[in-house]
Amino acid sequence: MSAMARPRPRVAAAAATVAAAALVLTGCSSSGSSSSGEGQVGFVTVKGTNLSKADAGKRGDAPDITGETLDGSQAKLSDYRGKVVVLNVWGSWCGPCRGEAKDLQTVSEKYKDQGVQFLGINTRDTDRTNAVRFEQEQGVTFPSIFDPAGTQLLKFPKGSLNPQSIPTTLIVDRDGKLAARAVGGTTEEALESILQPVVAEQKQ
């Protein structure tokens, strides 16, 4: 009886490994950051959704993301100070990233004349060609920083509105502070629900 029971831990471990691999392949991978959001005053998770926000005056600073873009130019988050920045973390290998790409492009075109800049962070793509092909196939025209090792993601402080998985979309206000976040694949409607209030702050 005991001999029959011995293989079970190995089977369980193998099953856990397969499950973890499946999560990575579907884009549901953790960035390794704190998932609670504790530590940033005013942090609010919208009940029943993957959306979170922080009230103006209670927001943490966004790190100065910088690097070479997929087209070979240079981009720096602080260069967009004075604009609202939509920062999207994605990978060409990520299914949910593919699902949200066209909606992100639609919103970027809709808000480009309202002081809004979209900027991507392409991560865990060891081959730049795959990322470029992804953008071409999805019709994405806004720039993305090539960050295969995820070094730029490590700049985000834990316990803030930081990337929690791939994809994650962050809203950075005109003062360079983290205002809102959508974890996982987002839609045009969901993204606008957290983007519009930040854009409107200029008019208050």
Side-chain angles (χ1 to χ4, degrees), residues 21-31 33 46 49-53 62 65-77 79-80 83-153 156 161-172 178-199:
L23 286 175
V24 172
L25 290 174
T26 54
C28 300
S29 58
S30 171
S31 65
S33 301
V46 182
T49 76
N50 62 349
L51 307 177
S52 306
K53 60 183 180 179
I65 300 302
T66 184
E68 185 175 316
T69 63
L70 291 174
D71 65 5
S73 58
Q74 293 291 320
K76 192 174 184 181
L77 181 59
D79 287 344
Y80 301 121
K83 290 187 174 183
V84 175
V85 179
V86 179
L87 198 60
N88 177 247
V89 182
W90 65 279
S92 68
W93 45 268
C94 163
C97 298
R98 182 169 287 102
E100 70 175 4
K102 286 184 170 60
D103 281 3
L104 288 169
Q105 179 64 25
T106 296
V107 178
S108 73
E109 293 173 357
K110 184 174 180 179
Y111 285 82
K112 66 181 179 181
D113 295 327
Q114 299 185 47
V116 176
Q117 172 68 46
F118 275 60
L119 178 65
I121 302 177
N122 171 250
T123 190
R124 300 188 188 177
D125 267 310
T126 55
D127 188 346
R128 186 190 298 251
T129 304
N130 293 333
V132 172
R133 184 182 301 116
F134 175 96
E135 288 192 326
Q136 292 172 342
E137 291 175 349
Q138 301 300 321
V140 174
T141 60
F142 54 84
S144 281
I145 292 172
F146 184 53
D147 184 33
T151 55
Q152 297 304 307
L153 302 182
F156 286 88
L161 287 175
N162 53 356
Q164 296 291 341
S165 66
I166 301 168
T168 290
T169 302
L170 304 165
I171 309 297
V172 181
L178 294 165
R181 177 184 65 192
V183 176
T186 191
T187 64
E188 180 180 349
E189 181 180 5
L191 180 55
E192 285 196 87
S193 74
I194 56 174
L195 175 59
Q196 284 178 343
V198 182
V199 173

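Since this is a predicted model, take the numbers as computed values, not measurements.
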K.L.:
Has the side chain of Thr66 got a donor or acceptor atom that lies under 3.5 Å from a matching backbone atom of Ala75?
P.N.:
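Looks like yes, one N/O pair under 3.5 Å.
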
K.L.:
Please name all residues satisfying ring-ring contact (aromatic ring centres under 6.0 Å, His included) with Phe146, sequence neighbours left out, ordered by chain then number.
P.N.:
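Residues passing ring-ring contact (aromatic ring centres under 6.0 Å, His included) with Phe146: none at all.
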
K.L.:
Which heavy-atom pair separates Gln152 from Asp147 by the least distance, and what is that distance?
P.N.:
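So the minimum-distance heavy-atom pair works out to N-OD2, 3.0 Å.
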
K.L.:
Hey, does Leu191 have a side-chain heavy atom less than 4.5 Å from the side chain of Glu100?
P.N.:
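No; the side chains remain at least 4.5 Å from each other.
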
K.L.:
When you compare the side chain of Thr186 with that of Asp103, does any pair of heavy atoms fall below 4.5 Å?
P.N.:
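When only atoms from C-beta onward are counted, Thr186 and Asp103 do not touch, as no gap falls below 4.5 Å.
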
K.L.:
Would you say that Phe134 contacts Asp125 through its side chain, given a criterion of any heavy-atom pair below 4.5 Å between the two side chains?
P.N.:
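They are not in side-chain contact.
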
K.L.:
Output, in order, the C-alpha distance, side-chain angles, deciding distance and verdict of side chain to side chain contact (heavy atoms under 4.5 Å, CB included) for Gln105 and Phe118.
P.N.:
CA-CA 9 Å; Gln105 179 64 25; Phe118 275 60; over 6 Å; no

K.L.:
Closest heavy-atom contact between Arg181 and Leu170?
P.N.:
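Closest heavy-atom pair between Arg181 and Leu170: CG-CD2, 3.5 Å.
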
K.L.:
Specify the closest pair of heavy atoms between Cys94 and Cys97, including all atoms of both residues, with the distance to one decimal.
P.N.:
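Smallest heavy-atom distance, with atoms named: SG-SG, 2.5 Å.
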
K.L.:
Roughly how far, to the nearest 0.5 Å, is CZ of Arg124 from OG of Ser92?
P.N.:
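The distance works out to 12.5 Å.
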
K.L.:
Tell me, do Trp90 and Asn122 make a side-chain contact under 4.5 Å, heavy atoms counted?
P.N.:
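Trp90 vs Asn122: side chains touch.
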
K.L.:
Of all residues at least two apart in sequence or in a different chain, which pass the ring-ring contact (aromatic ring centres under 6.0 Å, His included) check with Tyr80?
P.N.:
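Not a single residue meets the ring-ring contact (aromatic ring centres under 6.0 Å, His included) criterion with Tyr80.
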
K.L.:
Using a 4.5 Å cut-off on heavy atoms from C-beta on, say whether the side chain of Asn88 contacts that of Leu119.
P.N.:
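Side chain of Leu119 against side chain of Asn88, heavy atoms only: no contact under 4.5 Å found.
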
K.L.:
Suppose we screen for side chain to side chain donor-acceptor pair (under 3.5 Å). Which residues come up paired with Ser73, at least two apart in sequence or across chains?
P.N.:
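Partners of Ser73 under the side chain to side chain donor-acceptor pair (under 3.5 Å) test: Thr69, Asp71.
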
K.L.:
Of all the heavy-atom pairs spanning Glu137 and Lys102, show the shortest one and how long it is.
P.N.:
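Reported closest heavy-atom pair: O-NZ, 3.9 Å.
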
K.L.:
With a 4.5 Å limit on heavy-atom distance, are the side chains of Val86 and Val107 in contact?
P.N.:
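Sidechains of Val107 and Val86: no contact.
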
K.L.:
Yes or no on side chain to side chain contact (heavy atoms under 4.5 Å, CB included) for Val89 and Thr123, after CA distance, side-chain angles and deciding distance?
P.N.:
CA-CA 7 Å; Val89 182; Thr123 190; 4.0 Å; yes

K.L.:
Provide the closest heavy-atom pair for Leu51 versus Ala190 in the form atom of the first, atom of the second, distance.
P.N.:
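Looking at all heavy atoms of both residues, the closest pair is CD1-O, 4.1 Å.
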
K.L.:
I want to check something: taking the side chain as every heavy atom from C-beta on, are Gln117 and Pro143 in contact at a cut-off of under 4.5 Å?
P.N.:
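They are in side-chain contact.
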
K.L.:
Got Ile121 and Leu153 here, is their nearest side-chain heavy-atom distance under 4.5 Å?
P.N.:
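Ile121 reaches Leu153 side chain to side chain.
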
K.L.:
Could you pull out all residues at least two apart from Glu68 that satisfy salt bridge (Lys or Arg N to Asp or Glu O under 4.0 Å)?
P.N.:
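By the salt bridge (Lys or Arg N to Asp or Glu O under 4.0 Å) rule, Glu68 matches Arg128.
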
K.L.:
If you take all heavy atoms of Pro163 and Thr168, which pair is closest and at what distance?
P.N.:
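The pair with the smallest heavy-atom distance is CA-CG2, 3.7 Å.
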
K.L.:
Please enumerate all residues that pass salt bridge (Lys or Arg N to Asp or Glu O under 4.0 Å) together with Lys112, with sequence neighbours excluded.
P.N.:
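With sequence neighbours excluded, Lys112 shows a salt bridge (Lys or Arg N to Asp or Glu O under 4.0 Å) to no residue whatsoever.
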
K.L.:
Mind checking what makes salt bridge (Lys or Arg N to Asp or Glu O under 4.0 Å) contact with Lys110, not counting sequence neighbours?
P.N.:
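Result, salt bridge (Lys or Arg N to Asp or Glu O under 4.0 Å) vs Lys110: Glu192.
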
